[in-house]
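This report concerns only the one structure given below.
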Amino acid sequence: MAEKILKYLSENEEVNTLKLAEKFQEDHQKIIGFLKSIQANGDLVIAEPVSQKNIELTEEGKLVANQGSHEANIFNVVPKEGISQADLMKLPNAKVGFSKAMSNGWVLVDKIVNPPLVKRKVPEIKDSVQEHLKLVDAGKSSELTEKDKAEYKKRKLIQESLIKSFVLKKGPDFSLTLNKLETDLTSEMLANGTWKTSKFKEYNFDALGVPPSSGFLHPLLKVRAEFRQIFLEMGFSEMPTNNYIESSFWNFDALFQPQQHPARDAHDTFFISDPQFSYKFPESYVEKVKTVHSKGGYGSQGYGYDWKLEEAQKNLLRTHTTAVSSRMLYQLGQQKEFKPIKLFSIDRVFRNETLDATHLAEFHQVEGVIADYHLSLGDLIGVFSEFFKKLGITELEFKPAYNPYTEPSMEIFCFHPGLKKWIEIGNSGIFRPEMLSPMGLPKDVTVIAWGLSLERPTMIKYGFNNIRDLVGPKVDLEMVQRSPICRLTK
Ligand code: PHE
């Protein structure tokens, strides 16, 4: 076809692509496609874009062209002796037809009789509307006056559309055949000098590249990117979480978690054997933590037991990212002047769990922390309602819970429309004064916080029932390649 077009152009000065489509009985879009492949061969033709207005019939216009105008149809059903207006109005399109027939002076309403009758006013009519629309249908709309066109447009019998096409002329490199363009520069071309005269195919920068065969993000990382984006949008800064190994002190003691607490047992926590202990802690703070655990303070009676430094020195794999939050809040308490702050973290934590379909010994936590003056439970609910809204979760419910470091504490439940049930998605609370006051934070500063796992929303989002399909040695690497990017709100 491309060569047929070139041949036509060699015999003619210029041609419109619409004309070519008609001549070669081809779809106009296809002709444009052939033009593009001609153009890819160099300046064989000059193509000037033109657009022309086209007038075509609307659905109603087609009806009129075939069956006559509504007003003519009305006139035609009115018998000599007349017809009751009510009966006339039962016909299709009678309202428009009747009012047009009236204003054309074709019919009249005889009100002397009761009920009034519609009668013919003239013996015969000419349906010029139908004739005009037939002309339009035959592509002869130029024979209509502007006034008629405007009228039919108003009556929605015709509509205008814009047709884009090209006018083609011979170009500076006009030829009757397409040369196959070179796609590669080869060593032979360089050696024998043909590269100087060869024509090369232009780069197509719009072409999709070859997909890389490695370097895909795991679904957990994709969901993490979404969570991070939400926190950043809400003005949170990210906490440094690059230490999986933590001391019991920051993981538990600083959080007012008593040393006999079952979570501090080796059945729940992985302790480190080498190095077994940490020795560097802020001394005066350690004293305060010891006092609040053993004797109380700040209005609390404490736990009343013998707090031991050796227990706090034990290294472990952190059991929650709240260990990092406690370090950050301590630093905040040490600043000369308190400034409100919003922090978040998303990173890995470790627990000595019995493995099953939804539990592994390691997972990721998503944690948000806000420190400001006089925050309330209402602020907490407000902030994470906003947070979860950005995840596309709008129905939330709360259940009282217990954490050694928060009071009150709430478990967060959300309604999962896919699973059609309420599921637990997170834990939250207001940090206790026994935790914050030893850190040096002012009395009227409240810290609200919440945490959830990264795995749970990822499993729901990507439809995994078994966590082992998502994490661990049984993961199908192709799953990682196939998984689309994550948009939590969609
Ligand atoms: N650390 C809690 C957990 O591991 C989550 C949490 C964070 C709860 C902050 C309250 C406040 O489940």
Side-chain angles (χ1 to χ4, degrees), residues 227 230-231 234 236-239 241 243-244 246-258 261-265 267-270 316-330 332 341-353 358-372 375-388 396-414 423-436 439 441 445-457 467:
F227 272 113
I230 290 171
F231 275 118
M234 291 176 74
F236 285 70
S237 317
E238 191 160 4
M239 295 188 252
T241 48
N243 53 320
Y244 292 167
E246 190 51 277
S247 61
S248 293
F249 181 76
W250 291 110
N251 194 86
F252 293 127
D253 297 278
L255 289 161
F256 196 54
Q257 188 142 337
H261 192 283
R264 302 182 65 152
D265 195 287
H267 294 295
D268 286 304
T269 300
F270 294 115
L316 43 75
L317 287 173
R318 69 176 173 219
T319 63
H320 51 186
T321 45
T322 320
V324 181
S325 303
S326 72
R327 281 178 178 270
M328 297 300 287
L329 290 169
Y330 168 72
L332 191 66
I341 195 165
K342 296 198 262 189
L343 299 167
F344 79 96
S345 64
I346 308 170
D347 212 338
R348 200 173 286 232
V349 299
F350 308 85
R351 291 182 194 174
N352 197 351
E353 296 263 8
T358 53
H359 293 87
L360 288 181
E362 55 188 278
F363 64 99
H364 292 77
Q365 267 189 338
V366 180
E367 182 153 323
V369 176
I370 304 179
D372 204 343
L375 292 176
S376 66
L377 203 60
D379 291 298
L380 179 61
I381 293 176
V383 169
F384 56 54
S385 296
E386 186 63 25
F387 174 81
F388 285 107
L396 291 179
E397 285 204 352
F398 312 105
K399 190 174 122 184
Y402 173 78
N403 298 310
Y405 38 91
T406 53
E407 180 61 33
S409 314
M410 297 189 300
E411 274 171 5
I412 311 165
F413 288 74
C414 76
I423 55 170
E424 194 205 321
I425 39 168
N427 183 2
S428 67
I430 300 181
F431 284 130
R432 297 184 76 105
E434 292 98 324
M435 167 184 160
L436 300 181
M439 291 174 165
L441 286 159
V445 166
T446 321
V447 182
I448 58 180
W450 72 101
L452 57 147
S453 89
L454 185 64
E455 279 74 1
R456 186 147 207 176
I467 195 159

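Each ligand, and each atom within it, is numbered from 1 in the order the structure gives.
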Mode of V369 contact toward ligand 1 - side chain, backbone, both, neither (heavy atoms, under 4.0 Å): neither

Residue, atom name and distance, where the atom is the protein heavy atom closest to atom 1 (N) of ligand 1: T322 OG1, 2.8 Å

Centroid-centroid under 6.0 Å between F256 and H261 rings: no

Identity and separation of the nearest protein heavy atom to atom 12 (O) of ligand 1: N427 ND2, 3.5 Å

Results of salt bridge (charged side-chain N to carboxylate O under 4.0 Å, His left out) for E397 - residues two or more places apart only: none

Atoms in ligand 1 with a heavy atom of N403 nearer than 4.0 Å: 8 (C), 10 (C)

For ligand 1, the portion of R351 having any non-hydrogen atom under 4.0 Å away: side chain

Salt bridge K399-E424, side-chain N to carboxylate O under 4.0 Å: no

Test of proximity, T406 against ligand 1: N or O pairs below 3.5 Å: no

Side chain, backbone, both or neither: the part of S428 lying under 4.0 Å from ligand 1 by heavy atom: backbone

Sub-4.5 Å side-chain heavy-atom contact between I370 and I341: no

F236 and F231 aromatic ring geometry - parallel, tilted or perpendicular at 30°/60° bounds: perpendicular

Polar contact flag for W450 and ligand 1 (N/O pairs, less than 3.5 Å): no

Atom 9 (C) of ligand 1: nearest protein contact (heavy atom, Å): A449 CB, 3.5 Å

Q365: numbered ligand 1 atoms lying under 4.0 Å from its heavy atoms: 3 (C), 4 (O), 12 (O)

D347/R318 salt bridge by N-O under 4.0 Å criterion: yes

Shortest protein contact, atom 2 (C) of ligand 1 (heavy atom only): Y405 OH, 3.2 Å

Passing candidate, ring-ring contact (aromatic ring centres under 6.0 Å, His included) with F398, options F413, F384, W450: F384

Partner residues of S237 under the side-chain contact (heavy atoms from CB on, under 4.5 Å) criterion, sequence neighbours left out: L343

